[in-house]
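Note sheet for the following structure.
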Amino acid sequence: MLFSGGQDSTVCLAWALERYARVETVGFHYGQRHAIELDVRPRLRERMAALKPEWAARLGEDHMVRLDALATISDTALTRDTAIAMADSGLPNTFVPGRNLIFFCFAGALAYRRGASHIVAGMCETDYSGYPDCRDDTVKAMQVALSLGMDRRVVLHTPLMWVDKAATFAMAVELGGDAFLDIVVEDTHSCYVGARSHRHDWGYGCGACPACDLRARGFAKFRDGRLTNDQRHD
Ligand code: ZN
């Protein structure tokens, strides 16, 4: 499980824990300008293990892989202290070229060593900010490349590929009830600038960056959908 400590990968971790007998997590340190996402990972793992005994039994080792080289060859708003903006390429300057391709290569090598044949990741084409390495076709191509290159069948799962942020919150409730939703809101981190000083109803963040904006709008849509459903039940 590619586990960054963000909302998406945390919901995917629950998805994996519901399906597989053993789930190991991997996180990457690539010179992010803030390491808050990585800091929240151990607490998320702990709280999720405490939520369901079967999750505790299935949750295996955590691996941290240092990819410092990625920071030295990329110049983006995620690895440098520059303002988040649209670049000339039409992509936000938070885009780290090739990042997810590199993550999958390392995850594939790790999976091979650990005898795992399934890799789960939180990429999403629906809300993807235009990141080309989050596309379904990119992930499918990586699955073929890894399976051929290691001569072992590897399946890449992206449970969030076709759902928006509101549906991701709904999926959290489906997988672990309101207690898990609380973990996702309280302890996951998505904000690009790493702000955790202000608690919004959707969690912590600066409230202004594209990641906060996406999360805030997704949570509002999720909550409104819930209210409508509750009224229908009344
Ligand atoms: Zn933010």
Side-chain angles (χ1 to χ4, degrees), residues 2-14 27-45 47-48 64 67 70-71 74-97 99-100 103 121-135 158 160-161 163-173 180-225:
L2 272 67
F3 181 51
S4 70
Q7 173 194 341
D8 291 346
S9 69
T10 300
V11 174
C12 286
L13 177 55
F28 299 100
H29 197 280
Y30 57 95
Q32 297 95 318
R33 66 178 183 179
H34 63 79
I36 287 171
E37 264 199 359
L38 299 177
D39 291 344
V40 300
R41 293 168 79 259
R43 178 168 164 78
L44 279 165
R45 283 173 45 95
R47 285 195 70 188
M48 288 176 72
M64 273 305 295
L67 296 176
L70 191 53
S74 60
D75 182 18
T76 78
L78 284 191
T79 52
R80 297 270 192 280
D81 195 13
T82 49
I84 294 164
M86 294 305 283
D88 295 339
S89 60
L91 289 169
N93 63 352
T94 47
F95 175 59
V96 181
R99 179 180 61 173
N100 289 332
F103 286 179
M123 286 85 192
C124 171
E125 185 162 331
T126 312
D127 282 335
Y128 76 145
S129 315
Y131 292 177
D133 57 348
C134 290
R135 283 189 294 213
T158 50
L160 304 181
M161 185 55 76
V163 303
D164 65 10
K165 285 279 180 272
T168 305
F169 283 115
M171 195 189 283
V173 175
F180 180 50
L181 177 67
D182 177 65
I183 293 174
V184 171
V185 170
E186 194 66 30
D187 287 319
T188 69
H189 189 86
S190 322
C191 175
Y192 283 151
V193 298
R196 276 193 85 77
S197 50
H198 188 73
R199 169 69 156 84
H200 311 262
D201 58 351
W202 44 266
Y204 291 93
C206 73
C209 77
C212 281
D213 182 50
L214 202 57
R215 181 162 164 151
R217 281 189 288 121
F219 190 79
K221 185 179 165 195
F222 159 74
R223 196 192 40 209
D224 292 350

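Because the structure is predicted, anything quoted here is derived from the model rather than measured. All ligand and atom numbering here is 1-based and tracks the order in the structure. By convention here, the first residue in the shown sequence is residue 1.
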If the plane angle is over 60° it's perpendicular, under 30° parallel, otherwise tilted; pick one for His200 and His198.
perpendicular

Partners of Arg47 by side-chain hydrogen bond (donor to acceptor under 3.5 Å, both in side chains), sequence neighbours excluded?
Asp182, Asp187

Donor-acceptor contact below 3.5 Å, side chain Ser9 vs main chain Ser4
yes

Heavy-atom distance under 4.5 Å between the side chains of Phe3 and Thr10, does that happen here?
yes

Option from Arg41, Gln7, Arg215, Arg43 for which side chain to side chain donor-acceptor pair (under 3.5 Å) with Thr188 holds:
Arg215

What count do you get for protein N, O or S atoms closer to the Zn ion (ligand 1) than 2.8 Å?
4

Parallel, tilted or perpendicular, judged at 30° and 60°: which one describes the rings of Phe219 and Phe169?
perpendicular

